[in-house]
Amino acid sequence: LPSAACLVAALAWGACTSERQPVVIGLAWPEQPEHTRRVAQALIDSTAPPGERPILVRSFDAESASPSTALENSVQVALRMADWPGLVAVVGFPSSTETLLAAPIFAEAGVPLLVPTATTRRLADAGGLVFPLAPNDSIEGEFIATFAVERLSARSATLFYTVDDYGTGLAAGVGDALQRRGVIVLDRVPVRLDHNCPPFQDDNPYRVQVEASFLRGVPDVVVVAGRVWETGCIARAVTDLAAATPVIGGDGASAPDSLLVQAAGPAVDHLYAVEFWTRGAERNGSGAFVERFRRVADRDPEPGDAMVHDAIMLAAAAVRGGRATPGAVHGYLRSLGRARGPYPGITGAISFVADARRPLHMRRLRPPAEEGG
Amino acid sequence: VSGRRVLSVRAVLALLAGAVALYIVVVGGLIALQIAPAARALSAHSQAVLREHSEIRRRLDALAGSISAVHEAILQARAGDPLDVDEATRLTAPVRAQLDNVVGVDVSARLAAIPAEMRTTLAAAARAEQNAAGGVIEAIAALAVGRTDVAIERLTEADHGRTATARHLDAAQYLAIADVAERERELLEAARATNRIILWWGVFGAALFAIGAVIVQRRLYRPLAELESSLENVTAGDLTTTVPVRRLDELGRLGGHFNRMTRVLRERAEEERRRREDLAEQFGDILAESPGEIVLFEEDTMRIVRATRGARLALGYGADELRERTLLDLWTRLGRDELDEALAPLRAGEGARVRLSTVQTRRDGSTYPVEVTVHLSSVAQPPVFVAFILDLSAWERAHALSTRLRDFALQKGRVIGGGDLPRALAEITRAAAETLGVERAAVWRLEGDRGVCLDLYEHSTGRHSRGQELEGLERAGYFDALDQGRTIAAHDACADARTGALVQGYLAPAGITSLLAAPVRVAGHLVAVLANEHVGEQRRWSAEEQAFAASMADLVAIAFEASERSRAQDALLASEARYRAAFEEAGVGIAEVDLEGRILRANRALGEMLGMADSALAGRSVVGLLHPDDREADVRAGEAVLRGNAPVARRETRWLRADGGAVWTSVTSALVHSADGSGDHLVSVVEDVTERRALQAQLAHDQRMESIGRLAGGIAHDFNNLLTAIGGYVDLALQGLPESEPLAQDLREVERAAERGSELTRQLLTFARRQVVEPRAVDVDELVRSVSRLLARLLGERIELELDLDAEPDPVVADPGQLEQVIINLAVNARDAMPAGGRLTLRTRTVELDGAWAERHAGCVPGRYTRLSVEDTGAGMDAETLSQIFEPFFTTKDSGRGTGLGLATSYGIVRQAGGEIEAFSEAGAGTTIQVHLPIRPPTAAVRPPEPRSRAAAVQRGEGRLVLVVDDEPQVRALMERALRRQGFEVLGAGNAEEGERLFREHPRPIDLLVTDVILPGRGGLDLAGTLRRLRPELPVLYVSGYAESQVEHTTLLAEGDAFLPKPFTASELTARAAELLARSPAPDV
């Protein structure tokens, strides 16, 4: 009897203690996450019903004095986040490779991973706890190919892609879609990440590859599956060698205009980029988000900010209603589009059924004004 | 029993077994839970690390190769050999593939099994590897655009990247080793924990075992030991023993049952003892009246206590007398010591009985052999010995007889079963007489009510006799007595009712006083009797003697059966010999065929028929010897016989000869059931009917040709009448017309057509052998030489004509013109059969043809013939064509090239000459036509018909009266008109009766009779004969469409008569009429 009484008391104490502990949504995002986290936390707090167990959006960068979410450290980040008490979901990582590396750790811990922007189609094979919000690279490839053929009347193309899961996946998606539409793919050129590509200088590290590629023929359009700097520098090299050749960048090139303009230089006149969200397509509280974001960050939100915002708010919605465990959150996310309707995010309706469609936009960096996709 | 219900032993054992199993499961599970996860993790981690490390190491090596290749390319570029696009593509390809491999596979899945601490290191290695590979690609690109400096720079970066990758890899290796060490430590910890578990559970298990042992000892072994001890007591006779019962489990209940059993046994033993004492008293009284020899004597004194009535009678003592004696008084040949020694085992309880053989002494001092069985009976108290005594004297007599019987059967078995009945009976009667000690032993065969002695042996003389007869046995009732028993044992044969009737005729004359007769039965029927006849003082027949006599009678039966069998075998052998001779010497083929269709035996005739040795036929399948076209029907017919659907199968079928030819046979098959069990078989009688069938075919062919000829002749006759009318009227018409008239020209055409028709009918009549012939002696060789000059032109240059003329100069009788036509017809046919050229041989020989040939050719007679052979080397003919070539209008030539009458005409000519024409040919092997013409001296030549001349003068009739008789109105009208036109007066009649009437009634005498030969009813010849009797000088002109009638007629033509064949013209008729009238004087009017 004494033992049983002690056990019951311990359980009761534990229950009371856990009730007071906040539910944690982890944010694994390396680039200026704080603004987004704060906006999301403020939105969560402002919409919290009375008596609700507090939901804490916890950023890894804020936690660590020497944080790094670079590719090499994504595993370490995941290992440490998985030990956080009260963690019910994680939002991250920015890139496909990082996500693929970290996903097994969260899968082992049973924590759902909401992926805002990674597009590799192999996320579908990373386990049932990975929930990508962005369309995969096959869908994005179809979108880019459609644009190249129908808007730019392209009959030939050259693909440049970074050697990572994002670049190879998107290049494959675009290449397949172009070939299905009868476009001749003259060359597929792998390029390195993180080249030192100073803006407005002639020393363009990608020029030799562009030049070597153009030995096979100058294409009607160039598609770059890379980040901002790779896209900008390659576009610059393309313009140097074949002026007015349009260059289309993937969602990885989605960045503040200033960055891409710096990287692309004069090539920006012929540069297009895919985006998951645009400020012009405001919906479902998008305006409130933009306004709050401007107030917190003193700048306009980028598409990546909007995607992270939607992921955090979706995790919070999953927690609400007593679903304060990773399993409950997982069940909620799985039910979207099935037992319950899609989640109304500012980037569009979100569900994780097989035929779910997410909006894509094609933006031209210089006037004429941006074009919707 | 005092106990309480507790768990059963089975339940206790089950609980113990369950506890042990649970113990094993718990210990095993704990060990597995402790060690398995750690071991699994160690294995998975080690394999994953090793695989990933190896993969990156392999890629690094490849990368180093690519760097070297690019370095080489840079050196070449510097030497002025820039890289072109294709070369750049070639160099880039492996590096691109490597890059795709780095990022193109599921890195996350691959790294999932790798310890988390290593993932960052391996990821860094992969990143460095990607950079290195990218650098290589960029260096190649720089080379492709001529930027050697950039290429060197990129290649240097790539090399650095490779170095960094290797460094990361080394670090990962160290981490892997550390991880493995950590896993091993975990495994060691798990093993230690397991050891502790095993130790504690071992102690627990030992305690469990001890408890279990105590339980088993108390619940199982102790009750069992008590039960065993009690059982030993019971076995030793102690029925008072009990076992303690503590609880009511299975063993407790068993102990209770045991105790109840011993109590029941005690009660029953007591009851049995009392019952046995009562029984002993009763048994003694019953035993005293038993007919068997049983003696009870005291165990110690051997004094006889009781003896049965049988014993008393056998020994001759009274009951009281026996009680005063001991066994030693009965078994005088045994001493006391011997008896004690013999009975010692019974006294010692070592056996249930003792057997003794001794001699027992009767009261009168006589002895007899006995066999004694002694028991120790405890029924009586005190126990006594019971001796069961068996008299062996009767058994010894029976044994002697049976030994004698056995010896006799062994010694004389061959004689008895050899089939020689007299010898066997002699042996049996002698043995019977000697063994039974009788004067006579005889075997009598029973035939109706009569007995015939087959053998009588008289012992005193040692002689055998036979042949005596006894009448009236049936009436004597002797048969009934024999039928009813195994023997008739009459010790007083004269007084015995069964044999009393034999006294006067048989027993008394022979002095027989006692008779022992045994019936002899064969197949259950009484056939004889073995009579053992004693002469002298009457004697009784013991049972053993009767059995001996019966057995000897059985031997007689065996001898009878052997004799019958021997005769049957002789008959069978004779029958087989006859069958064998018939089989072998039969003129027709005979085969015995088993049910599988294999020939068991075949006779010589069948072998000769098939052209092979009869021994070679044995074992062959009949089906294989049958013609393939007949096999199915033959097999069906054989199966019908086998199934019993038909008693006999008769078929005409073809067998295959050894040389491949076929022989037509008439086969009669019947199923024979084997009596000796060797199996049923078919006997087939095969008769060669090839020749008969050939004769039938030839006859059918001849009949067919005869029918066709008759038909053709009839048609020709009718056509001749028509042509006569046509030609006659045309002639009449022309007589009144000048030649310059167009109508005259038309009529000339009609006339020519009629002539062509006339030629056609002539050929048909020739085929039908109804053409007028002019036979005379012809030298065939000379004729052929003469025709050959014409043939040389007819055959052309491509056909070589060869003459082989060697016939004897004996002439044949034929129309030479027709024979020439035959040769020409055959030559023309041969020419047409050789369109590409060849050789035509005309061969003549004189041959002697026998009766067999004549039989095959109807209308021919045996004798000497001249054979004319026309042989060509042309295309030949198949059998079907060959069978029809002599039929009119049959032709194989193209339309318009032949009338189909050439060979038919030849056939008719040769047959009319009494010869035969045959064709031999095979497709592709040329054709030979053989003409056989009989050699015979020329007879009186047939007078040829008068020459028909269109130029015959037409003379005027000058009013002479002509009677025209013809049944064809048109022809008759033509003749009347033609004759009238020439000045004749004409009377017409449609038949002979009307003609005779006109002849008789007409007031003017008839000057000339013109009559058709063939008339309905009476013919023209009959009419002419009748009228000639009225006026003998009457000239007669016969007309006819039949050559045959001409021939008949011309042989009978009287002087002054004439014949005119149809068709004829009006001019020919009037000319011939005028000619006749000119030869005969005009009647006086």
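If you're wondering where the values come from, they're calculated on a predicted model, not measured in any experiment. Sequence lines set the chain letters: A, B, ... in the order given, protein chains first and strands last, and positions in each chain run from 1.
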Pairs of heavy atoms under 4.5 Å with chain B: top-ranked of A/P205, A/S213, A/G167
A/P205

Is A/R216 atom CZ crowded by more than 12 heavy atoms from other residues, nucleotides or ligands, each under 6.0 Å away?
yes

Take atom CG in B/L188; do more than 12 heavy atoms of anything else shown fall under 6.0 Å from it?
yes

Under 4.5 Å heavy-atom distance to chain B, tell me which part of A/Y161 shows up: side chain, backbone, both or neither.
side chain

From A/Q209 atom CD to B/R147 atom CZ, the distance as rounded to the nearest 0.5 Å:
12.5 Å

Can you name the nearest heavy-atom pair linking B/A141 to A/V208, along with the distance?
CB-O, 3.9 Å

Are side-chain heavy atoms of B/Q130 and A/R192 found at a separation under 4.5 Å?
no

Which bit of B/T89 is near chain A, if near means a heavy-atom gap under 4.5 Å: side chain, backbone, both or neither?
both

